[in-house]
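Quick note on labels: first sequence line is chain A, next is B, and so on, each numbered from 1. Computation of the quantities below employed the complete heavy-atom set of this structure, encompassing side-chain atoms and omitting hydrogens, waters and symmetry-equivalent molecules.
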Amino acid sequence: MTLTAETDAIPTRFAGYRAVLASRMRSQRSYRSNFVIDLASSGLVGLIELAEVWLLFHQVTVLGGLNFTQVLLVFGLADMCYSIADMVVGHCDTLPKYIREGTLDVFYLRPQPLLLQLMTSDISLRRLTRAGIGLTSLVIALCINDIHWSVAHVALLVLTIVCAIAIFSAMYIWAAGVQFFLIQGAEFTNAFVYGGRYAATQPAAVWSLPLKGLFGFVFPMALAAYVPALRLLDLPGPAGMPNWLAWCTPVAAVWMWGFALIMWRFGVRHYQGGGG
Amino acid sequence: MVDYIIETDGLTREFTRRGKGRETLRKTTLRAVDELRLLVGPGESVGYIGANGAGKSTTIKMLVGILVPTSGTVRTCGIDPHRERRRLAAQVGVVFGQRSQLWWDLPVRESFDILAAIHQLPGAAARSRSTELIEQLELTEFLATPVRQLSLGQRMRAEVAAALLHRPRLVILDEPTIGLDVLSKQRLREFLITERREHGTTLLLTTHDMGDIERLCERVLVVDHGRAVYDGSLDGLARAAGAERTLVLDFADATPDLTGIPHTTHLGSEVAGARQRLAFDSEMTTAATVLAAVGERAQLRDLSIEEPDIEDVVRRIYRASR
Amino acid sequence: MFGGLVANMTFGFLKVAMLFATVRAAGGTVQGYDVGSMSAYIWVSQGMLGSVNLHGRLDFSERIKNGDVAVDFLRPVNVQMATIATEVGKAVFALIPRGLPSVAIGALLVGMTMPTSPTAYVLGLVSLVIGITVSFSTVYLVAVAGFWLIETRGIQILYMVLSGFFAGLFVPIALFPDWLLALAEATPCPSMMMYPIDILTGRTTGGAAYGLVGVQLAWLAGTLLIGHLLTTAGRRKLEVQGG
């Protein structure tokens, strides 16, 4: 057996996940022309999303208190982190198909937690180009904006990237949990998963009250990019917003993951208890 | 005290369904499994049969922890399947005829490698086991073929190997031979007989094929509407059902209808009596006795014996139990 | 149904936030849009989303791929027209459960200016149906490319990514810089969504409105003609090579 041929040691607990992911990556790259098309289109999607932001700044210079180079920082952070989350766990929104085709029942037969199996059952390498657009925007924004770099700034940037990826990933997980008990629930959850991505790239100061409630608190998209970006740029932000809020992305990430795990548990219970 | 491999008592599973359209608020409760008591000892081989929707799949799902029972208890390999699903997964192998646990775009061999890693099988053990399975199930020729390109028979054999890679104590097969050609069926059955003999594996299989039951199972459980209506030997099943075996007789020439042979029923004649079908009660007479009586009347050219059809047996059992 | 409406609303409100902020930052109007007409643009475009084909997928392309199209050619109907008509019929019908609620909710919760003259509505509805038809006659071209290409997924995805942008789904094309506007107008995309919205919301009236419908009809005729030629050529290829 190729994976274990060298040693007779017991594979680690991670060997299974690693083997599945490695096989997924290999198989995507083996359909070369398809993979190239996917890479190109996902990069194009990223560019067009950037263009939609840029178009507005073609008409005005400041939106929601930010100019274009400043918004570029929000866009870069949000789009890169979202694309990475999408690449790693984006396939979780195919759960209804897994249920229909019985793939989920097969997960039950393996000695691994269900959610971890689902999360590691696939990986969408094609999202790399879109994450690349996000990364490029981020790097350019970090260079051209007047940022007074300090240890705190670097720490905040790293913390934000890690937590934002966690927040976006959690969005996919709770959405998957809901699929267990909402028939055709995908459209409903898409409103928040993809709407959330769109919201995260915006300067949240422009939001109306319902949006502030939805994407400021319930699904804290504003914390994924906009609020930390203000701090990195040393901008005051909307009235009443405390400066320390920028450091609260871990709180948002913990809240989202808590919510996601509860919804997932809820969904699995329903599947084992009521569905069939 | 015997350590049972499968132990259920009062096992019940209900589903609530909502009505359609205007009836969405009205819920109906359906009992898929009803107070099932099942004890299966180590090394036993049990055929689990019943009509579609009789509760077979639901029972299997409860045995492996996919579904939680509404009431009653279930222990598989001494483990509560729902609470300790992951520990149980190391001891049970399941083959679902309709769903694949292989990766459709990967060669068979790679699927085995991944499953070995998932089950954390030590290298040497995984190697020797897969070699054994590959040999016995004759997988060598298509090991490098992606699963999606396999024929159904090849795929099922690969599925069985995948489910048995981690040497489970209990193997559950849900319709393993459905849609398979005669040769594939035969290979699969032979393999399971060997596996059981050499490793003492416990088997539970659902099937619509009487041949599977005959070759593989010494015990049969028949369920109807979630209730066990028969639990016993295969011979006893045919007896309980009163099912008759049928002799198909081909004669050299046109022959008058063979009526009046003791304990037989003449079912019909074809080609002016050159082929006739006689049902006989195997409790009262033997095929040899019947043939002797036939031989006195006409010159026999060929014959075959038709076993009672499993659907027919189940139908008879159902009728008797209601 | 409900889920689709929630998604429509969420995206509608996010568009409102950004585009209203743009209008206000520009001093009350931007390229002729004020808050009321921008709102009308947003909610009408959200309402059309379920009916205009901006994803490039068509069941018919599957029939070309698996060869069932040979059977379609045996029937005494025009394959191209039958395909497009069926899809347009479904799409127009979808306006009732998906389109109207979006516009109604937008009008109630956000408010919008709508035209006062009845001709805007009549001409707007005509333009809307033409727009939906142009989207399907264009997607049909993507599908019939399957006679020559083994896999049309590449063009389908390209269409999906670009059509919404050029149709003015997220930003009205009037806000585009000149070169990008020229590029958009060189495609049939604005005819699918932007022009019907312009007429329906009363942004374009009078002779200019008839002009837009004229442009739409030209794109419709053009795409139908190319579709017809490609269908004929594809059929010939099928008959010569036997699929």
Counting only non-hydrogen atoms closer than 4.5 Å, can you tell me which residues of residues 52-63 of chain A sit against chain C?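 When heavy atoms of chain C are the reference, residues 52-63 of chain A contributes E52(A), W54(A), L55(A), L56(A), H58(A), Q59(A), V60(A), V62(A), L63(A) within the under-4.5 Å range.
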
Please report the shortest heavy-atom distance between [X] and [Y], naming the atom on each side.
X: L14(C); Y: G195(A); result: CD1-O, 3.3 Å
X: A7(C); Y: A191(A); result: CA-CB, 3.2 Å
X: F11(C); Y: N190(A); result: CE1-O, 4.5 Å

Practice problem: Answer yes or no: are there more than 12 heavy-atom neighbours, outside D59(C) itself, under 6.0 Å from its atom CG? | Solution: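 No, not enclosed.
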
Within a reach of under 6.0 Å around CZ of F266(A), are more than 12 heavy atoms found that belong to other residues, nucleotides or ligands?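 No, not enclosed.
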
Side chain from CB out, backbone as N, CA, C, O: work out which of these in [X] comes under 4.5 Å of a heavy atom of chain A, or both, or neither.
X: F2(C); result: side chain
X: I157(C); result: side chain
X: V171(C); result: side chain
X: V161(C); result: both
X: L180(C); result: side chain

Spacing of W207(A) atom CH2 and M18(C) atom CE [to the nearest 0.5 Å]
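That separation rounds to 10.5 Å.
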
Exercise. Does the ring centre of F215(A) sit less than 6.0 Å away from the ring centre of F13(C)?
Worked result: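 No, they do not, as the ring centres are separated by 6.0 Å or more.
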
Assert top hit (heavy-atom pairs under 4.5 Å, partner chain C, pool L214(A), L182(A), D38(A), V45(A)) equals D38(A)

Among the listed options [options], the residue most often paired with chain A at heavy-atom distances under 4.5 Å:
options: V6(C), L5(C), N8(C), L19(C); answer: V6(C)
options: L158(C), T10(C), T22(C); answer: T22(C)
options: G154(C), A21(C), A25(C), P177(C); answer: P177(C)
options: M9(C), E151(C), Q31(C); answer: Q31(C)

Atom group of L44(A) that falls short of 4.5 Å from chain C, counting heavy atoms
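Its backbone and side chain both get close to chain C.
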
Test item: S41(A) and M160(C) side chains (from C-beta on) under 4.5 Å apart, heavy atoms: no

